[in-house]
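Below is one structure; the comments refer to it alone.
As the structure is a prediction and not an experimental result, all values here were calculated from the model.
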Amino acid sequence: MVILKKASDIEEYIYQKRNSGRKIGFVPTMGALHAGHISLVQRCKADDMMSVCSIFLNPTQFNDKSDLAKYPVSTDKDIELLLNAGCEVLFLPDADEVYPGGSELATTYDFGYLETLLEGASRPGHFKGVGQVVARLLSIVQPHTLYLGQKDYQQCLIITRLTQLTGMDQMKVVICPTIREADGLAMSSRNRRLTETQRTRAGILYQCLVSIQAKTEGGDFAVVRKECEELMQAKGIAPEYVALADARDLNPLENYNKTIPMVALIAARVGEIRLIDNILINT
Ligand code: PAF
C-alpha cells in the first residue's frame, strides 16, 4: 500500500494510474477503522477499482469540540487493517493539506432542508463541515466511484447532493449496507467508547428499527415510535429522535406509506455517547 501525505503527491499518483486505464474507487474515513470501513474497501476492490482510502479527522464537522477531542485515533492499527484488506493507496493528510489557507476559507455548500433536519438539527453546522471536507477530498482524488456506508444515511444523501452542486455528478456514489455486530448494533468508531454495560444495552437501537420495519403492515408509526422510546428509556438510553422518512429525500412521514421507499432512523445517547442507525423499508 502506498501512503501519501501531500495532496500534490496523491494527485500526481492517481493521475498516472488513471491515464494507464485504472478506475479509481474512493473510501473517505476519519480513521478508527472497523469492519464497516473495510467492507467499503472490499466492495471497491470487487468492483475492480484502484482502492484509495483517506484518513482525516475533520475538525469542521464537529459542532461539539469535546466530541472531537474524544474521537478515537488508532492510525497504526488502521494502516494494518487497510494493508490486510489489500487497499492500494492511503491518503493521510494533515490539516494544512486539506485546508490550505485555513478551514474558515474553505467553500461551504447549501444543502437546503436536508441539512436542517435529523442530524442537521441535532448537530448544527455538521453537514457544512462534511460538505467542505468531502468536496476538497473529491477534488484531490477525483474518483470514478465513491463508496459510503448506509449507517450515515443522511450523510449519503448530503454527499450525493454535493456531487451535483459541485458538478461532479458523473461520479458514481455506491451506498453499502451497514455492517453489524452479532446483536445488530451498527459498527461505529464511537462504539469503542461504550462501557461493557452500555455496549450490551446499545443493541436495543437495532431491535427498535426491526420492530418499526415489522409493523409496516397496518402499524401506526406514532404508537411504534412511543414503544421504541420507552424501550430505550427502560435501558437507560436517551432517544433523540425516532423518525420515519421518504428514503429518496428524507422528507418526514407521519405514518407508514407502503407506496414509497421509506427509511426509519434513530439517534440516541448511551451515556455520553451518541449513536445513530437506520433501516430501509420497501426498497
Ligand atoms: O463518515 C465519515 O467518516 C466522515 O463524515 C467523512 C465522510 C469521512 C467526512 O469527514
Side-chain angles (χ1 to χ4, degrees), residues 1-14 17 24-45 49-103 106 123 126 129-143 146-149 151-152 155 159 176 178-181 185-195 199 272-276:
M1 181 169 72
V2 180
I3 303 180
L4 297 165
K5 297 192 168 195
K6 297 251 168 271
S8 54
D9 289 346
I10 192 166
E11 277 166 356
E12 174 61 24
Y13 187 85
I14 292 177
K17 296 288 178 187
I24 314 301
F26 182 40
V27 178
T29 82
M30 295 202 297
L33 302 187
H34 51 69
H37 298 109
I38 297 306
S39 75
L40 303 181
V41 174
Q42 284 163 345
R43 171 66 197 272
C44 177
K45 290 173 68 67
M49 300 272 156
M50 181 173 91
S51 47
V52 179
C53 180
S54 65
I55 297 180
F56 176 64
L57 186 50
N58 174 39
T60 72
Q61 68 188 77
F62 287 84
N63 56 309
D64 174 355
K65 294 301 165 201
S66 74
D67 191 24
L68 170 62
K70 289 180 191 152
Y71 201 85
V73 175
S74 52
T75 312
D76 291 344
K77 182 89 203 313
D78 294 348
I79 292 174
E80 197 183 312
L81 287 171
L82 290 172
L83 272 170
N84 291 340
C87 179
E88 289 185 62
V89 184
L90 170 60
F91 183 39
L92 193 59
D94 64 21
D96 291 343
E97 287 297 315
V98 177
Y99 298 121
S103 60
R123 305 177 66 188
H126 168 63
V130 171
Q132 275 184 331
V133 76
V134 175
R136 173 72 176 135
L137 292 170
L138 291 180
S139 77
I140 295 169
V141 176
Q142 296 189 30
L146 174 65
Y147 295 88
L148 301 171
K151 189 191 71 87
D152 298 297
Q155 171 171 279
I159 294 177
C176 300
T178 304
I179 305 296
R180 301 184 177 281
E181 304 284 356
L185 177 67
M187 293 214 182
S188 162
S189 307
R190 290 193 160 81
N191 295 354
R192 291 188 197 181
R193 294 177 52 206
L194 298 169
T195 64
R199 166 65 196 83
E272 60 168 22
I273 321 297
R274 190 170 179 279
L275 299 179
I276 59 171

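Here the side chain of Gln155 pairs no donor or acceptor atom with the backbone of Asp152 at under 3.5 angstrom. Side-chain atoms of Asn191 come within 3.5 Å of backbone atoms of Ala186 as a donor-acceptor pair (strictly under, hydrogens ignored). Using modelled atom types, no side-chain atom of Lys151 and backbone atom of Ser188 make a donor-acceptor pair closer than 3.5 Å. Of the possible polar contacts, one joining the Arg136 side chain to the Val98 backbone as a donor-acceptor pair under 3.5 Å is found.
Between Met187 and Arg180 there is no side-chain heavy-atom pair separated by less than 4.5 Å. The shortest side-chain heavy-atom distance between Met49 and Ile24 does not fall under the 4.5 Å cut-off. Counting heavy atoms from C-beta outward, Leu92 and Leu4 have side chains that stay 4.5 Å or more apart. Side-chain contact check for Ile276 versus Arg274: some heavy-atom pair is nearer than 4.5 Å. Looking only at side-chain heavy atoms (C-beta outward), Arg123 and Asp64 stay at 4.5 Å or farther from each other. Between Lys5 and Ile10, the closest side-chain pair of non-hydrogen atoms is not below 4.5 Å. Within the 4.5 Å cutoff, the side chain of Tyr13 has no heavy atoms near those of the Phe91 side chain. Side-chain contact between Ile14 and Val89 is absent, with no heavy atoms from C-beta onward closer than 4.5 Å.
In this structure, CZ on Arg193 lies 5.5 Å from NZ on Lys70, to the nearest 0.5 angstrom. Rounded to the nearest 0.5 angstrom, Gln61 CD and Leu68 CG are separated by 9.0 Å.
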Using atom types as modelled, flag every donor-acceptor pair under 3.5 Å from a side chain in residues 27-41 to any protein atom, sequence neighbours excluded.
residue, atom, partner, partner atom, Å
Thr29, OG1, Gly31, N, 3.1
Thr29, OG1, Ser54, O, 2.8
His34, ND1, Gly36, N, 3.0
His37, ND1, His34, N, 3.1
Ser39, OG, Gly36, O, 2.6

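Annotation: side-chain hydrogen bond (donor to acceptor under 3.5 Å, both in side chains) contacts of Gln42 (sequence neighbours excluded): none.
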Practice task
Give the intermediate values and the outcome of side chain to side chain donor-acceptor pair (under 3.5 Å) for residues Tyr147 and Ser51.
Solution key: CA-CA 10 Å; Tyr147 295 88; Ser51 47; over 6 Å; no
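Between Glu97 and Lys6, at least one side-chain nitrogen of the basic residue sits less than 4.0 Å from a carboxylate oxygen of the acidic one, meeting the salt-bridge criterion.
Using modelled atom types, one finds no donor on one side chain facing an acceptor on the other under 3.5 Å when comparing Asn58 with Tyr71.
Under the side-chain hydrogen bond (donor to acceptor under 3.5 Å, both in side chains) criterion, the residue pairs touching residues 75-95 are Arg22-Glu88, Ser74-Asp78, with sequence neighbours excluded.
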